[in-house]
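Structure first, commentary second.
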Amino acid sequence: MSLATIPSDFLRRSLRLAEAAGADLASTLDTSGIDVAALDDPRARLTPEQVTAVTQAAWQMTDDELFGLGAAPVPRGTFRLICLALIHRPDLGSALERMADVTRALPVPPLTLVHGEDSTRLEVRVDVRGDVYAPEFVDEAFRLVTDFELILLHRFAAWLVGRRLKLRSVLIPYPEPEPQFAKHYDAIFGVPVTFGAPVASLEFDNAILRAPIIQDERSLAEYLRESPNLLLSERDYESTASAQVRRVLEMGVQGRTCTAEEIAEMLSISVPHLRRLLRQEGTSLNHLREEVLRDAAIAALRRGEPVDELSARLGFSEPSAFRRAFKRWTGATPGAYR
């Protein structure tokens, strides 16, 4: 599992909708250690545990697994019933077919599988309640439910087969958001996302449909107990080189100590080839190293680790250098972020 943190945009939008519907999530945010004012900064990051705490509280508050946003209430336990209908299927293809059948009988966004010659699209048609919100918030609710459904489907399918589920394309049926938020989508799904599409969909190679289901009712119970932590934490979607480099960096006690030569040697490739692979994936060693340091710093501050000790552990020459880097990453000082 990755230590990666999560952009605050999803939670920021959820909070705005909750307030519009008359719900109060502020107390939950306080107990999760989240500063509401900081959520408006596009650089703000949250730990999976923080987002999980708020999400579980919202489920309990609304008694609805779509937070009261869907066209009809989705009683808690609905997702578990769907899962139980899937995990005994032999492979991913038959599991997705059954999922499409089950969703037509339940108050959840219906799914459709569209088979092509060498790829398959999983389409989801989202509808939201127009009677709860003022007109200006209906579109926001549609966007939020669409994002949640696509992330859920992608990560859950990867969990079923216990491997990375590389996507060919992701289509989203609303206009592209502002650039500082749009960039998060490519990182979430691992491929460039197309906005303004007729219907929301995930496309993947047909070969993955033959992957066997490896989960059982015992592993499902653990999965649901931690939900949505695993959905938010797993990075099975990532391209191989980026994921391997990130794991190498995360395994180090000090994220800065691994050189390009050491990482390339561990992966049994040359340094130029490693750099070329990362460049093709739209990243670099320096970028991944900064991400790992940022995420490790946020998690450590959340645990209460003193700044001076954290700075030394992450390999910074002095605490002031760490403070400058942290403000560049998140828009806040370590003290303010804590």
Side-chain angles (χ1 to χ4, degrees), residues 1-2 4 6 48-49 51-52 55-56 58-60 63-67 70 72-116 119-126 145-168 170 188-190 200-238 243:
M1 183 181 297
S2 171
I6 301 163
E49 292 77 14
V51 179
T52 292
T55 303
Q56 290 179 347
W59 281 334
Q60 185 171 2
D63 197 28
D64 186 335
E65 292 189 344
L66 280 183
F67 318 107
V74 181
R76 294 171 67 192
T78 301
F79 181 58
R80 178 177 179 273
L81 289 177
I82 295 175
C83 295
L84 288 171
L86 304 182
I87 58 175
H88 299 293
R89 300 304 295 162
D91 53 45
L92 182 61
S94 61
L96 293 178
E97 292 283 3
R98 176 165 288 184
M99 182 186 288
D101 289 339
V102 170
T103 59
R104 285 192 282 270
L106 294 173
V108 297
L111 305 177
T112 304
L113 281 176
V114 181
H115 297 287
S119 69
T120 292
R121 288 199 323 275
L122 180 60
E123 298 182 347
V124 54
R125 299 186 180 276
V126 171
V145 175
T146 298
D147 291 351
F148 182 76
E149 284 287 323
L150 290 177
I151 294 171
L152 170 65
L153 290 170
H154 184 204
R155 307 299 178 84
F156 181 65
W159 176 80
L160 282 174
V161 297
R163 57 184 284 192
R164 180 169 59 93
L165 191 63
K166 186 175 182 180
L167 296 171
R168 277 196 174 190
V170 177
I188 288 171
F189 294 106
S201 71
L202 305 173
E203 181 187 12
F204 40 84
D205 290 333
N206 284 339
I208 193 65
L209 297 178
R210 297 190 292 272
I213 303 298
I214 67 167
Q215 308 298 343
D216 56 23
E217 292 193 18
R218 182 187 303 176
S219 59
L220 174 62
E222 180 182 357
Y223 183 85
L224 295 175
R225 186 165 53 249
E226 296 189 29
S227 181
N229 196 10
L230 291 176
L231 292 176
L232 300 168
S233 306
E234 294 291 349
R235 300 174 69 90
D236 288 335
Y237 55 87
E238 276 196 317

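Along the sequence shown, the residues carry numbers beginning at 1. These numbers come from the heavy atoms of this one structure, side chains and all, not from hydrogens, waters or symmetry mates.
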If you look at every heavy atom in [X] and [Y], which pair is closest and at what distance?
X      : Y      : result
Cys83  : Leu224 : SG-CD2, 4.5 Å
Ile82  : Leu86  : O-CG, 3.1 Å
Gln215 : Ser219 : OE1-OG, 2.9 Å
Arg76  : Asp63  : CD-OD1, 3.1 Å
Asp205 : Ile208 : O-CG2, 3.0 Å
Asn206 : Gly116 : ND2-O, 3.1 Å

Q: Could you tell me which residues satisfy salt bridge (charged side-chain N to carboxylate O under 4.0 Å, His left out) with Arg225, sequence neighbours excluded, listed by chain and number?
A: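 Testing Arg225 for salt bridge (charged side-chain N to carboxylate O under 4.0 Å, His left out), a comparison that skips the adjacent residues, returns none.
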Q: Test Leu202 against every option in His154, Glu123, Glu149 by the side-chain contact (heavy atoms from CB on, under 4.5 Å) rule and name the one that passes.
A: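 Passing option: His154.
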Within the 4.5 Å heavy-atom criterion, are [X] and [Y] side-chain neighbours or not?
X      : Y      : value
Leu165 : Leu92  : yes
Val74  : Phe79  : no
Leu160 : Ile214 : no
Arg121 : Arg168 : no

[X] side-chain N/O to [Y] backbone N/O, donor-acceptor pair under 3.5 Å:
X     : Y      : answer
Asp91 : Ala211 : no
Glu65 : Trp59  : no
Arg89 : Ile213 : no

Q: Please step through side-chain contact (heavy atoms from CB on, under 4.5 Å) for the pair Ile87 and Tyr223, ending with a clear verdict.
A: CA-CA 12 Å; Ile87 58 175; Tyr223 183 85; over 6 Å; no
To the closest 0.5 Å, what do you measure between [atom1] ([X]) and [atom2] ([Y])?
X      : Y      : atom1 : atom2 : answer
Glu222 : Leu220 : CD    : CG    : 10.5 Å
Trp159 : Leu152 : CH2   : CG    : 11.5 Å
Ile188 : Asp147 : CD1   : CG    : 7.0 Å

Q. So with a 6.0 Å cut-off around CZ of Arg80, is the heavy-atom count from everything else above 12?
A.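 Not buried by this count: 12 neighbours or fewer within 6.0 Å.
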Validation: residues 106-115 side-chain donor-acceptor distances under 3.5 Å, sequence neighbours left out:
from, atom 1, to, atom 2, distance (Å)
His115, ND1, Thr120, OG1, 3.2
His115, NE2, Glu97, OE2, 2.9

(Q) Suppose we screen for side chain to side chain contact (heavy atoms under 4.5 Å, CB included). Which residues come up paired with Arg210, at least two apart in sequence or across chains? (A)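 Partners of Arg210 by the side chain to side chain contact (heavy atoms under 4.5 Å, CB included) criterion, ordered by chain and then number, come out as Ala207.
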